[in-house]
Every structure is written in structure tokens, then in C-alpha cells.
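Beneath this line is the structure, given in C-alpha cells, with notes to follow.
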Amino acid sequence: MRRGSSALVGCLLLGVAGGGCAGEGASIALEAIQPSALDAHLRFLSSDLLQGRAPGTPGSETAASYIAMQFRLAGLTPGIGDTSYFQPVPLIARTAFAVLSFRAPGGAAYSPDARLESVVWSKDTAQVSSVDVELVFVGYGVVAPEYEWDDYKEVDVQGKTLLLLAGDPGGHVPGRFRGDTATYYASADYKFAEAARRGALGALLVHSPELPYGWDAIHGVRAGEQVTLDRERADSAPRYSGWLIQGAAEQVVSMAGLDFATLLESARSAKFRPIVTDMRVSASVRNEVRQLAAANVVGSVPGNDPELAREFVIITAHYDHLGVGEPVDSDSIYNGAYDNASGTALLLCLADAFARLRPGPDRSVLFLALTAEEPGLLGSRAFIQSPLVPLASIAANVNIDGVNLWGPTEDIVVLGTEYSTLRSAARHAAAEEGLRLEGDRSPEQGYLYRSDQFAFMRAGVPSVLVGHGLDFIGRMPGWGEQILAEYIRTGYHRPSDEYRADFDLRGAVQQGRAAFRLALWAANTPARPAWSGESGFVDLR
Ligand SMILES: [Zn+2]
């Protein structure tokens with residue numbers, strides 16, 4: 001009862017400018033988002049039967065069939081032609097066997113340990129061998145005109161191996177970048193791509209102990225089999241890439257007669273210029289390759305307005321996880337209950353809700369369950385490469401990656417609202433649900449760039465990630481932060497991220513209702529959502 005009346009008050013106060021308050025129709029549709037429905041989807045998708053849903057495995061196929069079946073049950077239109085809910089996403093899996101060594105001018109040599117000190121891979125299908133290539137230190141390896149920053153200056157790095165610092169200079173250089181908030185320039189993908197565009201043969205990132213992610217996290221993701229799109233852009237990475245722990249980088253640099261602390265200091269200045277060392281690098285990478293067949297699952301609710309129906313709001317959640325891997329406490333199934341069976345469960349409830357909505361949304365709403373997010377947003381990038389609908393007709397992306405499993409909150413966290421007019425949608429949604437709207441609480445983690453909304457952002461689509469609140473009702477202040485930190489430490493990307501009978505899904509319902517209202521606002525607002533000036537992303541229109 002309370003929820004209904006506060007929603008009504010929210011609508012009256014806000015004046016219903018964007019068309020977000022759809023009134024009774026929305027209330028009836030929202031009945032689809034219930035703890036029982038969420039629990040049923042979550043229980044199945046995160047069960048051991050699905051073996052952790054790694055792309056290209058039978059478990060993943062079963063998950064995709066289940067999602068398509070739920071779309072069909074809800075009455076969604078198949079997204080592909082007239083009959084199919086599946087968009088094929090061809091992938092390649094490579095296992096790299098790498099040998100890396102450094103040689104000083106005097107002849108001294110050093111090979112970092114391939115488990116504890118380094119990890120090296122190649123996107124090439126063919127074997128990569130290079131002998132005695134020059135090593136060049138390029139600072140952060142960032143070229144960002146908007147921050148008046150260029151680490152490369154005009155120095156030619158063609159055919160060289162680059163040594164780069166992780167992160168961006170923001171935390172160390174007052175007034176540049178966004179302080180401790182990570183920008184896109186802090187991402188490894190950006191650095192490797194920039195190195196490739198400059199013709200570098202190899203790029204090695206330095207893992208500093210200060211980074212918010214540990215060496216095990218890097219090694220866990222980058223060692224062993226790596227999955228990429230079958231048709232990866234040639235300039236997405238140099239012929240070989242890798243990471244070194246800082247101790248290994250210090251060793252290499254000192255063999256070159258340089259001091260790592262001094263290099264670090266010089267990299268924190270806009271005047272920095274690449275330093276060509278007299279160290280030589282030899283690298284050899286051989287790949288074992290296999291093809292994987294994966295798929296995105298797509299269904300839609302057609303728009304009601306004859307004009308606006310040609311535009312699309314896309315609601316996304318990745319359904320893949322890490323599959324079966326190294327056992328932890330004798331459990332080898334990485335179930336990914338929170339990450340992201342929970343988001344997929346919510347996507348299914350949202351699809352059901354939109355299918356029940358009368359009258360329907362003005363714009364069409366596409367429901368997209370994405371594969372292969374974990375290896376690098378591959379499902380969303382494949383969708384952007386072949387978007388099924390014209391890219392310029394995509395009005396907004398609303399992504400869900402992780403759903404509240406711990407009870408009701410007073411707030412709701414939406415990431416990315418500072419960059420587009422979807423901030424109004426988020427404000428309406430929060431007000432209608434009686435929730436306090438919050439932004440990113442740990443911007444240094446760069447979460448905005450780490451899930452599928454980022455593939456849409458890069459393609460020019462105004463996008464948000466609808467997270468969940470952390471201010472739990474009836475709990476001590478700070479309890480939510482503690483729970484999440486505990487999850488990151490003991491559950492994230494581990495077999496223990498699994499279904500528990502004591503999940504409290506009332507907060508998930510809040511999150512789902514807010515996501516529904518946000519997406520509905522985006523679908524019904526007469527003026528299309530748009531980027532705001534300082535987003536750094538180009539609008540498609
Ligand atoms: Zn995820």
C-alpha cells in the first residue's frame with residue numbers, strides 16, 4: 001500500500017513531464033516483478049546443472065534456451081527475423097604459451113616467472129616470435145586531447161615493445177583527468193588499442209600494488225584460455241600483450257641502468273616523453289585455438305506510437321559466467337549467482353512486465369540477454385557490430401549486472417547518469433519508488449566501463465547501469481558497503497558466488513521496479529535521451 005501511494009505522490013510532485021508515470025497500466029505491469037519469480041529464475045540459472053554458463057558450453061546453451069523460452073512465454077516478439085530469439089556470436093578461444101625475456105646491453109638476461117610475475121598472450125592466430133626488440137617506457141600510454149595529455153608525443157614506437165603504467169594519471173596530477181575517478185583511459189583495453197594504433201609490436205602493463213585489483217585477478221582473467229570475438233578488429237591490440245608485476249618491471253628497468261621511482265615520477269607530468277631504453281625484449285607466443293558457438297538472446301515488445309516505435313530502448317543483462325575452473329574448497333563450478341544470473345532473472349521479469357503493459361510503451365523495447373561479457377564485453381560488442389536494428393535508432397541502453405540479494409534499501413544506485421539526459425529518467429524512477437537516488441560510490445573502480453553498457457556508450461548510445469542501493473533498511477550505517485566488500489573479497493569470480501536459500505529478494509524487486517520505470521521513461525519521453533556536453537562520447541544523431 002505504502003509503495004502505491006508514494007508512487008502517486010511522486011508523480012504529482014514531478015508533474016509527469018517525461019511521460020514516466022504511466023499510472024495504473026504501469027502498476028499492473030509491475031506485478032510481474034516479484035521475489036518468487038526472481039527466485040525461480042535465479043535458482044535455475046545459477047544451478048550446478050548449468051555448469052557456470054561459460055560461452056560455447058552446453059550449460060550456456062541450456063541457459064540461452066531457458067531465456068528464449070521465458071521470452072516466448074511472456075509473449076515477446078523474436079528479435080531475429082520472425083522466428084528466432086538467438087543472435088549467433090562466433091568466438092575464438094586461445095590458450096597462449098609464452099616465453100618472455102629481457103636482455104641488458106652487457107648481456108645479462110632476465111625472464112620473469114610466467115605465473116607469479118608475468119602473463120603474456122597474443123590475439124594472433126599464428127605464432128608470434130620476436131627477438132631483440134627495443135623496450136620503450138611510455139608512461140601511462142595515454143593520448144587524451146580533452147585533458148591536454150599525450151604520453152607518446154611524436155616518438156615513433158613502430159615495431160617496439162612498450163612498457164606502460166596501469167591506470168590514468170588522474171590521482172597523481174591535480175587538475176587533470178577526473179582525480180581518483182577512473183576514466184576510460186585507465187582501462188587495459190584502451191592502452192593496448194592505442195599501442196596497436198601506433199604500430200607497437202608488444203605492450204606490457206605494470207601491475208602496481210596500489211591498483212584496486214590484485215595480481216590474482218589479472219592472472220585469473222588473462223592466463224589460460226582467452227576468448228575473443230572471431231572477427232576482432234586488427235588494431236584492437238598489438239601482436240602480443242601482457243602484464244608484469246611491479247617488482248619485475250623494477251628489475252628490468254634497473255638492468256637498463258634506470259630507476260623505476262624516477263620513471264614513475266616523470267610519467268606523472270604532462271611534459272613526459274617516451275624513454276627508449278637499451279633493454280631488448282624477446283617474446284614468443286604460440287596459441288592453441290578452438291572455435292566456440294555462442295549466442296545473444298533477443299526478444300522485443302513493439303512500441304505503441306507509430307513514429308516512436310521505430311526507435312528502441314534496449315534492456316540488457318549478461319547471462320554468461322566463468323564456467324568450470326580451478327576448484328576452491330573442492331567446488332569447481334563458478335555459478336555466478338550474483339554475477340549475473342541475478343541480473344538475467346531480473347531481465348526476464350522486466351520482459352514479462354513490459355509485455356503486460358497496457359497501453360504498451362511508445363518506443364519499442366528490446367530485451368537482450370548477452371553472452372561473453374566476462375571475457376571482455378564480447379556479446380555486447382558483437383551486437384553493436386550487427387545491431388539487428390539501425391544503430392541510430394537505439395534511444396537508450398539500460399544494463400543490469402548484479403542484483404540486490406540482501407534485502408530492502410532506502411536508496412538506489414544508477415551509474416552513468418552524469419553523462420546523459422537519462423539522469424531525468426533515473427530521478428523520476430527513484431522518486432516514484434520512494435528511493436533516494438545515488439551515484440557511483442567507488443568511481444576509482446571504473447565500474448561504468450566494466451560491463452555491457454560501455455559497449456553501447458562507445459557506440460554513442462546514452463546508457464546507464466542500474467545497480468542497487470546500499471543503505472539497507474533496519475541495518476547499521478555502513479552495513480551495505482561491508483556486505484559488498486565482503487562479496488568482492490570472498491565471492492566475486494569464485495565458486496562461492498552461488499545460490500543461497502536465504503537470499504532476501506525484496507531489494508531486488510525495488511531495483512527491478514526502478515529499472516522498469518527508468519526504461520519506461522526512456523521509452524515514452526517525446527525528446528529522445530541524449531548525451532550531455534561533457535560525456536566524451538559522440539552522439540549518433
Ligand atoms: Zn557481471
Side-chain angles (χ1 to χ4, degrees), residues 38 41-42 45-46 50-55 57 59-60 63-64 67 89 91 182 187-189 212-213 217-218 220-222 226-227 294 296-297 314-323 325 333-348 350 367-383 397-406 413-416 440-442 445-458 463-468 470 483-499 503 508 511-512 515:
L38 284 164
H41 296 316
L42 176 56
L45 289 167
S46 64
L50 269 58
Q51 298 280 296
R53 310 181 305 281
T57 63
S60 167
I67 294 162
V89 177
L91 302 173
S187 74
D189 282 352
Y213 37 90
I218 298 286
V221 174
R222 294 298 193 176
Q226 286 210 53
V227 177
N296 293 329
V297 192
I314 304 191
I315 306 181
T316 48
H318 75 88
Y319 71 90
D320 68 302
H321 195 63
L322 304 176
I333 301 175
Y334 289 64
N335 304 81
Y338 177 79
D339 183 14
N340 187 28
S342 69
T344 309
L346 186 50
L347 180 78
L348 295 176
L350 287 166
F367 295 86
L368 179 55
L370 293 159
T371 187
E373 184 267 357
E374 299 289 358
L377 318 184
L378 304 181
S380 48
R381 286 169 47 206
F383 181 86
N397 169 233
V398 178
N399 187 40
I400 297 154
D401 193 349
V403 161
N404 181 356
L405 307 173
W406 303 284
V413 172
V414 184
L415 265 57
D440 199 346
R441 277 181 170 90
S442 32
Q445 291 277 354
Y447 284 124
L448 190 59
Y449 314 115
R450 284 168 55 184
S451 187
D452 292 303
Q453 72 278 352
F454 185 54
F456 285 87
M457 290 167 71
R458 284 177 78 180
S463 308
V464 286
L465 175 69
V466 178
H468 52 76
L470 286 174
I483 283 284
L484 207 62
E486 168 113 355
Y487 166 77
I488 302 276
R489 208 177 63 245
T490 65
Y492 177 67
H493 286 187
R494 287 188 172 81
S496 56
D497 181 4
E498 59 192 349
Y499 181 82
F503 285 157
Q511 187 181 352

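Counting starts at 1 for both ligands and their atoms, following the listed order.
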Does a side chain donor of either Asn399 or His318 reach within less than 3.5 Å of an acceptor in the other side chain?
no
Polar contact flag, side-chain donor to acceptor under 3.5 angstrom, Ser46-Asn335:
no
Might you point out which heavy atoms bring Asp339 and Arg53 nearest each other, and give the distance in Å?
O-NH2, 3.9 Å
Looking only at N, O or S atoms in His318, which is nearest to the Zn ion (ligand 1)?
NE2
To the nearest 10°, how many degrees is the angle Asp401 OD2 to the Zn ion (ligand 1) to Asp339 OD1?
150°
N/O donor-acceptor pair under 3.5 Å between Asn296 side chain and Leu370 backbone:
no
Using 2.8 Å as a strict upper limit, say whether an N, O or S atom of His321 approaches the Zn ion (ligand 1) that closely.
no
